[in-house]
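Worksheet: one structure, shown below.
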Amino acid sequence: MKLSNNDNKQYKHVTLDNGLRVLLITDPSSEKSAASLTINVGHFDDPVGRQGMAHFIEHMLFLGTEQYPIKGEFSQIVSQSGGNSNAWTGTEHTCYFFDCLSPKLDHLLSRFSDFFIAPLFEQSALNDERNAIDAEFNLKVKDDNRRIIQAHKETANPAHPFTKFSVGNHDTLGDSHGDIRQEIIRFFQQHYQAQWMTLVIAGPQPSDELENLASTYFSAIQGNIKHLKPKISSPFYRAEDLGIKLHIKPRKHLQKLIVSFAMPNIDELYRYKSLSFLAHLLGYEGEGSLYAILKKNGWINALSAGGGVNGSNFKDFNISFALTDLGIEFYEDIVELLFEYISLIKAQQHVLPALYADKKQLMELAFDNQEVNKLIDWVSNVSVNMHHYSEEYTLYGDYCMECFNQALHDELIGYLCPNNMRLVLIHPTAIDEEGAVNKVAKWYNTPYQVAQIDREWLEALSRVHEPLPEMRLPNVNPYLSDDNTLHDIESTTHIPTQLQDRPGFAFWFKQDATFRVTKGHFYLELDSEASIESHKAMALTRLFADLFMDSVAEQFYSAELAGLSYHLTSHQGGLTLHTAGLSSCQLKLASQLVEALQKQPISAARFAEYKKQLIRHWQNHNKNKPVSELFSLLGAKLMPWNPTPNDLAKALQNVCFNEFNSFRDSFFTSIHAKAFLHGNWQQQHALGIKQQLLCNFAKSEILEDLKKPLNTINEFYEASFINEQNEHAFVHYIQAPSQSVQDKIKIMAFNQLVSQLYFEKLRTERQLGYLVGAGYAPFNTRAGIAFYIQSPKFNSKELLQQHQLFLADFVDNIDSMDGIHWRDVKSSLQSQIAEKDKNLRLRSQRFWIAIGNEDHTFSMQTQLLEALDKLTFTELKAFIADVTEQSFPSITLRIN
């Protein structure tokens with residue numbers, strides 16, 4: 001199996017007698033273990049009369065097995081064992097996964113494997129979880145993504161399984177259609193076969209021990225290695241499903257054009273990435289690109305190529321355009337320009353191998369400089385990859401680009417023709433075309449129209465063979481010309497060092513000596529009094545960030561292609577620039593971006609467009625789920641420099657371009673700067689970029705560091721709101737009594753003790769709603785815990801009563817949690833706090849957060865562990881009893 005240069009793990013493939021393919025991964029450096037099982041079954045396999053069945057079974061497997069019958073116990077034990085568990089159901093695959101502290105793996109694998117051997121499918125659990133599925137459906141019934149997909153389903157071949165209703169609800173899973181329990185058992189026995197499963201087990205355990213665990217616990221899964229999965233025989237589109245145009249009306253203000261081309265299955269092409277390369281050419285954003293020309297015309301805000309649904313016998317290849325108001329009027333011209341750009345690719349075949357080599361070089365760099373992800377995320381990805389790639393390519397398949405395959409390229413670009421096209425226009429204003437059919441999509445009630453694309457226009461498009469003179473393909477990438485050298489280690493200090501030159505400018509540096517990848521991160525935080533003068537100033541700060549990213553997109557697109565990323569974001573009090581990626585040319589990019597911050601021209605037309613888009617975005621926020629709106633209101637209540645989306649939209653409404661330019665100038669007149677460089681660099685590099693920054697801001701006045709204000713909760717506060725949604729919700733927020741480390745760890749321990757139980761009692765048992773949770777929620781470094789429920793059935797007052805009953809019962813029975821339970825919870829929290837940074841990105845983030853919080857000893861982790869070690873259950877119990885008293889200062893927000 002091909003491994004990257006920095007991968008020191010040991011791998012072993014085995015196949016059990018029942019046909020289950022297993023990958024065992026030994027990582028001696030890991031403190032955790034994880035397992036993931038992916039099965040080749042999804043909503044495509046749902047019986048026509050029982051749509052949502054695969055999704056329903058995914059839920060049910062967590063609710064008791066013959067050996068371990070207690071509902072929801074698996075998730076609770078995983079949580080107490082320092083881990084998390086989850087699952088998802090896709091079109092043709094379903095994935096289950098968990099992680100835990102390594103000593104707990106044996107016991108948890110025993111429970112996990114029983115999901116796939118002897119699930120109970122107990123009747124009362126079936127009834128409860130069917131309610132949960134229905135609540136999940138109702139939660140997303142106004143979600144535009146699902147609404148748009150449903151219109152797509154209804155215009156594809158009705159014989160193809162893509163058209164099935166994937167989620168399920170009371171209608172499809174009800175008892176009126178027959179005995180659902182018996183049908184579920186039959187579905188499980190038919191589809192949950194070992195030969196269609198892949199299992200990944202990873203941890204510090206030796207491979208022999210992991211193999212023994214796999215064999216012991218998973219050999220009993222039923223399976224027949226000779227039984228092959230039936231292939232889908234129906235085509236995705238019939239002839240009449242092509243050459244059509246859909247107008248879809250969204251709930252939120254979306255304006256998008258999707259040009260879609262039908263293709264066969266592309267899974268076997270992974271060694272060449274021919275389709276990814278074609279998408280790379282079409283999605284190019286540099287000078288002379290399709291994106292640059294359309295943006296200059298004022299027709300689009302964004303372009304992406306290569307997306308679209310796909311499955312084992314089809315691929316929809318999409319080119320998506322985020323349209324301006326003007327762009328809606330010119331969508332046909334956009335399609336014509338797309339075909340002119342396709343003709344450019346066809347005409348310049350001779351340059352494609354060199355451009356492919358560029359992309360291949362970047363993919364090899366990315367593979368060899370992979371950063372370790374969380375074990376739970378990584379094993380779930382690998383278990384899915386095992387269904388798509390051969391054993392040799394299990395880890396390399398996502399990166400492999402063997403060579404430019406001319407025959408494959410010609411075949412794929414041949415599909416990009418007018419007669420193989422569908423157009424999707426998503427926009428708020430319905431368009432009545434002659435001959436169009438008005439429809440309303442099932443389940444989600446999406447209004448849409450179907451019309452035939454004009455035949456004469458299609459014929460005219462098929463005659464497009466010449467690109468515009470100004471159209472250009474990408475050049476060979478200049479950012480890939482520098483050698484990506486791994487520098488010798490100069491210093492073994494474990495924490496960043498401050499290289500300070502003058503007040504008001506703090507520069508920190510740390511050479512990476514741990515992960516040894518040719519990558520790095522640069523952060524620059526600019527605080528300005530101009531950005532906090534009013535809600536208008538705060539809105540203008542966010543607009544500035546968006547406009548800057550838009551204005552430099554074309555100039556720095558080559559940097560993005562070369563594995564570099566950059567983001568300018570607003571924070572409370574100013575702007576933060578973050579660059580990341582390969583270290584060889586990153587500092588050049590960072591310097592150019594900092595210079596552009598003050599000098600990059602921004603046009604009046606782009607200002608008007610982005611102002612309009614941002615106001616719409618903030619106004620659309622009210623159409624989000626109610627619980628999200630409540631958290632926005634909570635943030636505004638606690639943090640004065642964080643207004644609600646509504647307040648920001650109102651403040652920006654009457655701002656003119658001249659006012660924006662004045663604000664931009666004033667932003668830099670008086671600033672406080674913090675910077676941090678971390679990665680594959682030496683001190684000479686840090687001193688160079690530091691000096692450059694001093695020159696960039698030499699004319700700025702020095703400002704004292706702005707302290708982000710936080711409102712202290714001094715009394716019980718409750719407020720209620722009305723929302724157009726048909727769901728009800730509340731958020732109850734308890735702020736830590738002080739900023740002390742002791743109170744912070746008590747809040748964290750309270751959350752660790754209560755969160756899984758809160759979910760199980762109020763979501764799984766009492767079925768109050770689909771969105772139910774408790775979580776650690778700090779605001780501006782002050783710890784806190786938030787409880788929330790969203791429900792379609794119960795109003796916020798009833799939800800709050802159930803919440804208060806739960807807390808009262810929790811406090812009354814808290815003594816039962818002492819002993820082994822408390823030790824497990826404490827051990828789990830200890831492992832979370834002490835968890836080592838898995839990669840350079842996570843370590844950079846931790847250092848940067850510490851710098852922002854003025855933890856210049858970088859010792860918060862140690863302080864929390866010491867406080868946790870000293871924390872007794874008696875102290876925690878008294879703390880929980882105190883903060884859960886109804887008279888204790890807290891914030892409760894309700895919405896109906």
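Between K104 and D824 there is a salt bridge, since a side-chain N of the basic residue sits under 4.0 Å from a carboxylate O of the acidic one. By the 4.0 Å N-to-carboxylate-O rule, R841 lies too far from E371 to be salt-bridged with it. For D128 and R763, the salt-bridge test fails: no basic side-chain N is under 4.0 Å from an acidic carboxylate O. Under 4.0 Å is where a charged nitrogen must lie from a carboxylate oxygen, and between D99 and K374 no such pair does. Salt-bridge check for K870 with E875: failed, with every basic side-chain N at 4.0 Å or more from each acidic carboxylate O. K625 has no carboxylate O lying under 4.0 Å from a charged side-chain N of E727, or vice versa, which leaves the two without a salt bridge.
Judged by distance alone, with hydrogens and angles left aside, the side-chain atoms of S828 form a donor-acceptor pair with the main-chain N or O of G82 at under 3.5 Å. In this structure a side-chain-to-backbone donor-acceptor pair under 3.5 Å is present from E92 to S312. Here the side chain of N18 pairs a donor or acceptor atom with the backbone of F218 at under 3.5 angstrom. Side chain of S30 to backbone of K32: a donor-acceptor contact under 3.5 angstrom is found. Of the possible donor and acceptor atoms, one in the side chain of Q861 sits under 3.5 Å from a partner among the backbone N and O of I833. A distance-only check finds no donor-acceptor pair linking the side chain of Q193 to the backbone of W196 [under 3.5 Å].
Side-chain polar atoms of S110 and Y68 form a donor-acceptor pair below 3.5 angstrom. At a cut-off of 3.5 Å, with distance as the only test, a side-chain donor of Q802 or R766 sits close to an acceptor on the other residue. Side chains of N385 and N381: no donor on one and acceptor on the other come within 3.5 Å. Side-chain atoms of S124 and E122 form a donor-acceptor pair, as typed in the model, at a separation below 3.5 Å. Side-chain contact of Y393 with D398: a donor-acceptor pair under 3.5 Å is absent, judged by distance alone. A donor-acceptor contact closer than 3.5 angstrom is absent between the side chains of S36 and S380. Side-chain contact check for T89 and E58: at least one donor-acceptor pair (N or O, by modelled atom type) lies under 3.5 Å. Remark: the T198 side chain and the S383 side chain contain no N/O donor-acceptor pair separated by less than 3.5 Å. Using modelled atom types, one finds a donor on one side chain and an acceptor on the other under 3.5 Å when comparing D106 with Y217. Between Q735 and S890, the side chains place no donor N or O within less than 3.5 Å of an acceptor N or O (distance only, hydrogens not considered). Side-chain atoms of Q756 and E760 include a donor-acceptor pair closer than 3.5 Å.
If you take CD on Q742 and CG on L868, they are separated by 11.5 Å, rounding to the nearest 0.5 Å. We find the OG1-OH distance between T394 and Y389 to be 10.0 Å, quoted to the nearest 0.5 Å. From L120, atom CG reaches atom CG of L61 across 10.5 Å, with rounding to the nearest 0.5 Å.
With W443 as the aromatic partner, K164 does not meet the cation-pi criteria of under 6.0 angstrom to the ring centre and within 45 degrees of the ring axis.
Looking at heavy atoms from C-beta onward, Q790 lies in side-chain contact with L139 at the 4.5 angstrom threshold. Within the 4.5 Å cutoff, side-chain heavy atoms of N40 are placed close to those of H387. With contacts defined as side-chain heavy-atom distances shorter than 4.5 Å, the pair E73/I77 qualifies. Inter-residue side-chain proximity for S827 and L101 is flagged as met; some heavy-atom pair is nearer than 4.5 Å. Counting heavy atoms from C-beta outward, F787 and V731 have side chains that stay 4.5 Å or more apart. A heavy-atom distance below 4.5 Å is found between the side chains of V22 and L24.
Atom NZ of K9 sits in a crowded spot, with more than 12 heavy atoms from other residues, nucleotides or ligands closer than 6.0 Å.
Between F187 and Y192, the gap from one ring centroid to the other reaches at least 6.0 Å. Ring to ring, W88 and H93 are not that close: their centroids are 6.0 angstrom or more apart. Aromatic rings from F730 and H803 are positioned such that their centres are separated by under 6.0 Å. Between Y733 and F631, the ring center distance fails the sub-6.0 Å criterion.
Only one option out of H43, K140, H55, Q51 pairs with V167 in a side-chain contact (heavy atoms from CB on, under 4.5 Å); it is H55. For the ring-ring contact (aromatic ring centres under 6.0 Å, His included) with F98, the lone residue among F115, F62, F112 that qualifies is F112. The only member of I232, V309, N310 that meets side-chain contact (heavy atoms from CB on, under 4.5 Å) when paired with F162 is V309.
By the 30° and 60° cut-offs, the orientation of the rings of Y444 relative to F165 is perpendicular.
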